[in-house]
Peer 1: 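My questions all concern the structure below.
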Number of protein chains: 2
Amino acid sequence: MDKKIIDVARAAGVSPATVSRVLNNRELVKEKTREKVLQAIRDMNYHPNAAAKQLRSQRTMTIGVIVPDINVSLFAEIIKGVQNKAESKGYHVIICDYSGRKGREPDYFALLHNRTVDALIFVAPEAAAEIFAEEADKGFTIGVIGRQIEHDSIPCCYTDNAAFSVEVIQHFVRQGHRQIAFIGGYPEATDAFERLEGYMKALHRSGIGFQPALIENGDFSEEGGYRAFLRLREKGHAFTAVYAANDEMALGVYKACSELGIRIPEELAVFGVDNNRISRYITPHLSTVEQPSYLMGSMLAEKLLSLLGEEKPGPGEAADSRIEVKSRLIIRESSTFHREGGSASSGNLGG
Amino acid sequence: MDKKIIDVARAAGVSPATVSRVLNNRELVKEKTREKVLQAIRDMNYHPNAAAKQLRSQRTMTIGVIVPDINVSLFAEIIKGVQNKAESKGYHVIICDYSGRKGREPDYFALLHNRTVDALIFVAPEAAAEIFAEEADKGFTIGVIGRQIEHDSIPCCYTDNAAFSVEVIQHFVRQGHRQIAFIGGYPEATDAFERLEGYMKALHRSGIGFQPALIENGDFSEEGGYRAFLRLREKGHAFTAVYAANDEMALGVYKACSELGIRIPEELAVFGVDNNRISRYITPHLSTVEQPSYLMGSMLAEKLLSLLGEEKPGPGEAADSRIEVKSRLIIRESSTFHREGGSASSGNLGG
DNA sequence: GTGAAAGCGCTAACAC
DNA sequence: GTGTTAGCGCTTTCAC
């Protein structure tokens, strides 16, 4: 078996309590004693048992992050942001990938219930908001990334999906587009929904108004975007531009266009979201929206960690921490072909 | 505070020991007693405290995975493989991303020393093999992915880097290439080194022999590949094909070619490794090698988990678990332009 | 088949 | 400043 604190204590000629004090630099310890203890620790290569420490101190020094898929760069970057911040404060991070397990998010609360983690960060655009509120009300420390949560003790870090979507549509309109289609994500995903709202708002402001026929849902996947695009075409309503709620679905549009011989951007302008690395390499380069994902992870982790440091706020006491971060449009070739006139009749797709 | 086992015991009218037996379905418990206990657990929404359980049982039911960068698809897939297998056996996974911390791998052994994890999986191509051996000899359970380790109690799962590299070069030779350059990774990375060995072996077998001037190291990054390619050109030794030890560096070659007006594959054939998703989208599509990354993660996790289940093998007792998996070439446009003749003078690059 | 009791290795009062 | 002691919540002999 490993060495324990009592062994170190004996070797240093002190009590276990003093060793503990040195280990956690809690109270003052005489410099000479501290040296002796440190030396003994080094000599015997002592490592405090994490479980015992956790059991006694009631803290695990660990936070969890729940993401839809670690193999999506956006989420991987968020994780790195969280991890970096957490490690700098002496915390560990445990990552849960729930790909293919939509709706199982509540399972992860067990990590909180059995005290495996001190706090949990959710990146779960489609989970019902109530499940978060319920846990927070029980006194658990949780945070959410990528969506706004209306709950005083749930910090969240998000970007204004509607705002940048308005910019995307305005960009299309400036290029002369009037018939603009939208491909959304899962119906329940809040971020995709907000992007749809921005799309409609912008169309309305531009005096264009929206056509229900120009809206389809993909499922955030390339294949879903591909099929959504084909459905849009089948409806026979002409359009000259497509705004896809993420880059994956935009790639699906590329695929369909390649099969159908539709030229991007001359015949169809395309815009995505996420700044997936592929968007920079594919031909033509895909216009997209960059979210500061690493920053979002880092900022929310910081907020949560500081919450863990404080005394638990009483029920109803506000944590007051909604962090909004800016996203920016990256305009590339796929959306920059200026159309003459821009009248409805210039549409040459659909039907 | 949360409910504890004694609360459940009281509610069910039994002793804590019995509740524990039900929880871990250890020994036989009368069906009726078990029902009562289960009901009480449900009623009070009881969750056993993980730290207490760990401290008492000396097992954390957690394994760790150390990867160079979670935002590299190859590693993300390995992780998913590990996670999937681990979860199916009731284990948690904790992931450590050491990007930008090359050489700090030994730090992660602390996870083992303080019993935060029961086992550790390393995906660390450039770490010194001795550090693993040292830990394994101390009785810790560790495994390695992506390289072969000559140590009886360190299971590993790897692919034959030299073998597929030979195939890559043979493919080039069949296309008529004679002057073939190689861009390696970090000098210490075992996988990149084995790819270099395969490259040299194939050249030798084909009766071509190798030119030291045609070998440069990148650092597995796009930028590194870019610079390595420029260095190769500066040396003035003509070549018509490049084998890059990973796709990232191949992308760097693409970038350089684009700037210099070199056409791929007509003037230069390119081959990468990893089947990075971008390789399928970039123009021209990049030929590459696909490693079964998810499978590697899953298989090694299974091996390690089964090791944890057994009694610790005595020192010197073999775990006997080197798992070799097959990789396959994916030949795309970047390497399929057949050259006439194939004489040395047909080289038109370099100088 | 079930209960009593003894710790797992550590930290936090509380003494001194 | 440092030592003593009492648990944290669970599992696991050992009785019965």
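What you see below is based on every heavy atom in this structure, not just the backbone, and it leaves out hydrogens, waters and symmetry mates. Every chain is numbered from 1 and lettered A, B, ... according to where its sequence line falls, protein lines coming before strand lines.
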Peer 1: For Phe132(A), enumerate each residue passing the ring pair (Phe, Tyr, Trp, His ring centres under 6.0 Å) test, keeping only those at least two apart in sequence or located in another chain.
Peer 2: Phe122(A)

Peer 1: Less than 4.5 Å apart, side chain to side chain, heavy atoms only: is that true for Arg21(B) and Val37(B)?
Peer 2: no

Peer 1: Closer to the 5' end of DNA chain C via nearest nucleotide, is it Val19(A) or Lys30(B)?
Peer 2: Lys30(B)

Peer 1: Using a cut-off of strictly less than 4.0 Å, decide whether Ser57(B) has a side-chain nitrogen or oxygen near OP1 or OP2 of dC10(D).
Peer 2: no

Peer 1: Keeping to residues at least two apart or across chains, list the salt bridge (Lys or Arg N to Asp or Glu O under 4.0 Å) pairs with something in residues 29-38 of chain B.
Peer 2: none

Peer 1: Map Leu23(A) and Val29(B) onto DNA chain C by nearest heavy atom, then report which one ends up closer to the 5' terminus.
Peer 2: Val29(B)

Peer 1: With the criterion being N/O to N/O and under 3.5 Å, what pairs connect the protein with nucleotides 13-16 of chain C, and how long is each?
Peer 2:
none

Peer 1: Quick check: Phe140(B) with His113(B) (ring centres under 6.0 Å apart)?
Peer 2: yes

Peer 1: Does one side chain, of Gln148(B) or Tyr158(B), offer a donor that lies under 3.5 Å from an acceptor on the other?
Peer 2: yes

Peer 1: Phosphate oxygens OP1/OP2 of dG3(C): is one of them under 4.0 Å from a side-chain N or O of Thr18(B)?
Peer 2: yes

Peer 1: Keeping the roles fixed (side chain from Arg322(B), backbone from Ile149(B)), state whether a donor-acceptor pair exists under 3.5 Å.
Peer 2: yes

Peer 1: Among pairs that include at least one residue of residues 39-68 of chain A, which meet salt bridge (Lys or Arg N to Asp or Glu O under 4.0 Å), considering only residues two or more places apart or in two chains?
Peer 2: none

Peer 1: Which listed nucleotide (dG3(C), dC10(C), dT11(D)) is nearest to the side chain of Ala52(A)?
Peer 2: dC10(C)

Peer 1: So, does Asn49(A) get its side chain near the phosphate of dC8(C), meaning an N or O under 4.0 Å from OP1 or OP2?
Peer 2: no

Peer 1: Can you tell me the distance, in whole Å, between the NZ atom of Lys3(A) and the P atom of dC10(C)?
Peer 2: 12 Å

Peer 1: Going by heavy atoms in the side chains, are Asn84(A) and Ser298(A) under 4.5 Å from each other?
Peer 2: no

Peer 1: Have a look at the helix from dG1(C)-dC16(D) to dC16(C)-dG1(D) and give the angle its two end axes make, five pairs each, rounded to 10 degrees.
Peer 2: 30°

Peer 1: Can a side chain N or O of Tyr46(B) be found less than 4.0 Å away from OP1 or OP2 on dC10(D)?
Peer 2: yes

Peer 1: Applying salt bridge (Lys or Arg N to Asp or Glu O under 4.0 Å), which residue pairs with at least one partner in residues 62-85 of chain B are found, sequence neighbours left out?
Peer 2: Asp69(A)-Lys80(B), Lys80(A)-Asp69(B), Asp97(A)-Lys80(B), Lys85(B)-Glu302(B)

Peer 1: Taking CE from Met61(B) and P from dC10(D), how many angstroms apart are they, rounded to a whole number?
Peer 2: 16 Å

Peer 1: Would you tell me if any nitrogen or oxygen in the side chain of Gln58(B) comes within less than 4.0 Å of OP1 or OP2 on dG9(C)?
Peer 2: yes

Peer 1: Side chain of Thr33(A) only, heavy atoms from C-beta on: which candidate in dC8(D), dT2(D), dG1(C) is closest?
Peer 2: dT2(D)

Peer 1: Does a side-chain N or O of Lys53(A) approach OP1 or OP2 of dC10(C) to a distance below 4.0 Å, or not?
Peer 2: no

